[in-house]
Asker: 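Below you'll find the structure I mean.
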Amino acid sequence: MSDDGHEQSGHERVPSRRRKRFPGISSRAYEHPADRSALVALRRLSGFDTVFKALSGLLPERSLRLLFLSDSVRVSDQQFTHLNDMLRDACYILDLEKVPPMYVTQDPQPNAMCIGLDEPIIVVTTGLVELLDEEEMRAVVGHEVGHALSGHSVYRTILLFLTSLALKVAWIPLGNLAILAIVTALREWFRKSELSADRAGLLVGQDLRASMRGLMKIAGGNHLHEMNVDAFLKQAEEYEEGGDLRDSVLKILNVLPRSHPFTTVRAAELKKWAESRDHQRIMDGHYPRRTEDKDTSVGDSFKESAASYASDVKSSKDPLMKLVTDFAGGAGGLGGRVKRGFEGFTSAPPPKDGAPKDSAPEDSAPEDASTDEAPPRDTPPQAEGDGA
């Protein structure tokens, strides 16, 4: 039940509690600054709608709609009624007038997506439905409705199309590189859009612990009795702070092929936003309205995005981000810090406590040095998979 008496019907496990509603809310209220600046620029671009309507003829949108209609279960008053109640309530809370079609598709992999050029459709897998409880699923449904309200479905569809196209033209070196460059840029934007949608999910569910539980389950399965939210968030802190410059580079390489941020990072980002003044202002009823979107300044949005990135870099505890901050501030001894950050690739391990130090000059080696010496202890192991 929303706070103005909007009733939910049908599913007895859906808790009846009061939730705030946000009439006329603009997606700018919850969008990540980097996501918002890109969307504002595209929305204000002259001829943007015309270009994408022309492009829609090339994209397999009709095929996707027919595929889900013919081989998935459409959520309705007769099928998956509890999901239908959640969907309608999410649209009511975020004031999305037209409820998008929603399908459940057979797939053991927990996943959900919002796609479509003309009209968004939401798809959730059976793996996700079976994994999450009612409140966790409510946050996911709100997440996807947030994508629909922001217009993310258009760019998600294009990303899927271009990813498929990149595989088809992989034999053409230059063509493949050009498409991969666009795909990489779209993935960077889409990772930020996922942070935006997580915030929308929180606005719909209005239960931070449920949102956290859902992210933990996506990462570790249905074993809540074996998991702890605080310990999970500690992983995100350790991920950000740990290691040296080598690990910073590996983090970038690991995240590049992904469309979603890592789950621990998403949880930490959502918790930080939930505790922010911006979130509290929305809950108090102070947020931008859709009627004001046409007056939004592209320049201001880009400035806000740049300020957000600068703030993230400045506050980050990642070794590479610290180096960037020091470089921008003209910190002394920067070359030495870079050298120390990467010296683990080539240097031998430091002597154990109490062991005599080598008195030979740095550029000389002992005459009886052995050639079968064990590798340094800090040689990084081979990475396995992408951590998904």
Side-chain angles (χ1 to χ4, degrees), residues 1-9 14-40 43-44 85-100 114 120 122 134-152 192-212 214-215 266-298 300-301 303-305 307-308 311:
M1 178 185 290
S2 299
D3 61 354
D4 59 354
H6 176 66
E7 294 282 351
Q8 296 190 69
S9 61
V14 176
S16 177
R17 69 178 179 86
R18 298 174 69 85
R19 291 182 175 83
K20 291 182 180 294
R21 182 174 179 253
F22 310 101
I25 188 172
S26 168
S27 59
R28 291 181 292 115
Y30 58 80
E31 284 166 352
H32 187 280
D35 172 26
R36 187 189 314 143
S37 63
L39 290 177
V40 167
R43 289 166 183 158
R44 296 290 295 268
D85 290 336
M86 290 181 190
L87 176 62
R88 289 188 300 182
D89 201 50
C91 292
Y92 185 77
I93 290 173
L94 294 180
D95 201 14
L96 184 63
E97 183 176 350
K98 188 170 183 179
V99 179
C114 181
I122 295 172
E134 297 293 334
E135 288 297 275
E136 295 158 6
M137 194 68 199
R138 184 182 298 277
V140 169
V141 172
H143 174 110
E144 298 306 325
V145 170
H147 276 314
L149 181 59
S150 290
H152 290 159
K192 296 299 185 292
S193 77
E194 285 299 307
L195 301 180
S196 299
D198 283 344
R199 297 174 179 182
L202 180 59
L203 291 178
V204 168
Q206 298 174 26
D207 185 343
L208 180 61
R209 302 295 287 190
S211 295
M212 292 292 160
L215 289 170
R266 288 173 65 182
E269 287 284 340
L270 184 60
K271 184 174 185 293
K272 183 169 68 174
W273 186 74
E275 296 171 348
S276 70
R277 184 183 177 188
D278 289 341
H279 175 255
Q280 188 56 53
R281 284 179 57 82
I282 295 173
M283 298 305 294
D284 290 339
H286 305 294
Y287 50 82
R289 263 64 175 181
R290 252 166 271 166
T291 54
E292 304 164 354
D293 284 349
K294 63 181 183 300
D295 300 321
T296 304
S297 168
V298 178
D300 289 345
S301 296
K303 288 178 183 177
E304 196 172 339
S305 176
S308 174
S311 177

Asker: Minimum heavy-atom separation for M283 to F22, with atom names?
Answerer: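 In terms of heavy atoms, the two residues are closest at SD-CZ, 3.8 Å.
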
Asker: Output the distance between atom CG (L202) and atom NZ (K271), rounded to the nearest 0.5 Å.
Answerer: 12.0 Å

Asker: Going by an N to O cut-off under 4.0 Å, is there a salt bridge joining R138 and D207?
Answerer: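 Not counted as a salt bridge, because no side-chain N and carboxylate O are separated by less than 4.0 Å.
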
Asker: Which distance, rounded to the nearest 0.5 Å, do you find between the CG of D198 and the CZ of R266?
Answerer: 4.0 Å

Asker: I need the minimum non-hydrogen distance between Y30 and A200, along with the two atoms involved.
Answerer: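 What the structure gives for the nearest pair is CE1-CB, 3.8 Å.
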
Asker: So, are R88 and E97 salt-bridged, with charged N and O less than 4.0 Å apart?
Answerer: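 Salt bridge between R88 and E97, a charged N being under 4.0 Å from a carboxylate O: no.
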
Asker: Is a side-chain donor-acceptor pair under 3.5 Å present for E31 with S150?
Answerer: yes

Asker: If you round to the nearest 0.5 Å, how far is CD1 of I93 from CD1 of I25?
Answerer: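 Between atom CD1 of I25 and atom CD1 of I93 there are 11.0 Å.
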
Asker: Do you know which two heavy atoms are closest between S211 and L270, and how far apart they sit?
Answerer: CB-CD2, 3.6 Å

Asker: Considering residues at least two apart in sequence or located in another chain, which fulfil the ring-ring contact (aromatic ring centres under 6.0 Å, His included) criterion with H147?
Answerer: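 Checked H147 against ring-ring contact (aromatic ring centres under 6.0 Å, His included); matches are H143, H152, F190.
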
Asker: Of the non-hydrogen atoms in L87 and V145, which two are nearest, and what is the gap between them?
Answerer: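 Residues L87 and V145, closest heavy atoms: CD1-CG2, 3.9 Å.
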
Asker: Once you round to the nearest 0.5 Å, how far does NE2 of H279 lie from CD of E275?
Answerer: 10.5 Å

Asker: Does a sphere of radius 6.0 Å around CZ in R209 hold more than 12 heavy atoms from other residues, nucleotides or ligands, not counting ones at 6.0 Å or beyond?
Answerer: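 No.
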
Asker: Going from SG on C91 to CG on L149, what distance comes out if it is rounded to the nearest 0.5 angstrom?
Answerer: 9.0 Å

Asker: Under the 3.5 angstrom rule, does the side chain of E136 hit a backbone N or O of A210 as a donor-acceptor pair?
Answerer: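 Looks like no, no N/O pair under 3.5 Å.
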
Asker: Ignoring hydrogens, what is the shortest heavy-atom contact between D95 and G24? Give both atom names and the distance.
Answerer: OD2-N, 2.6 Å

Asker: Are the side chains of H32 and E194 in touch, meaning some heavy atoms are under 4.5 Å apart?
Answerer: no

Asker: Measure the spacing between OG of S26 and CZ of R289 and express it to the nearest 0.5 Å.
Answerer: 10.0 Å

Asker: Testing the basics here: between Y287 and I282, what is the closest heavy-atom pair and its distance to 0.1 Å?
Answerer: CD2-O, 3.9 Å

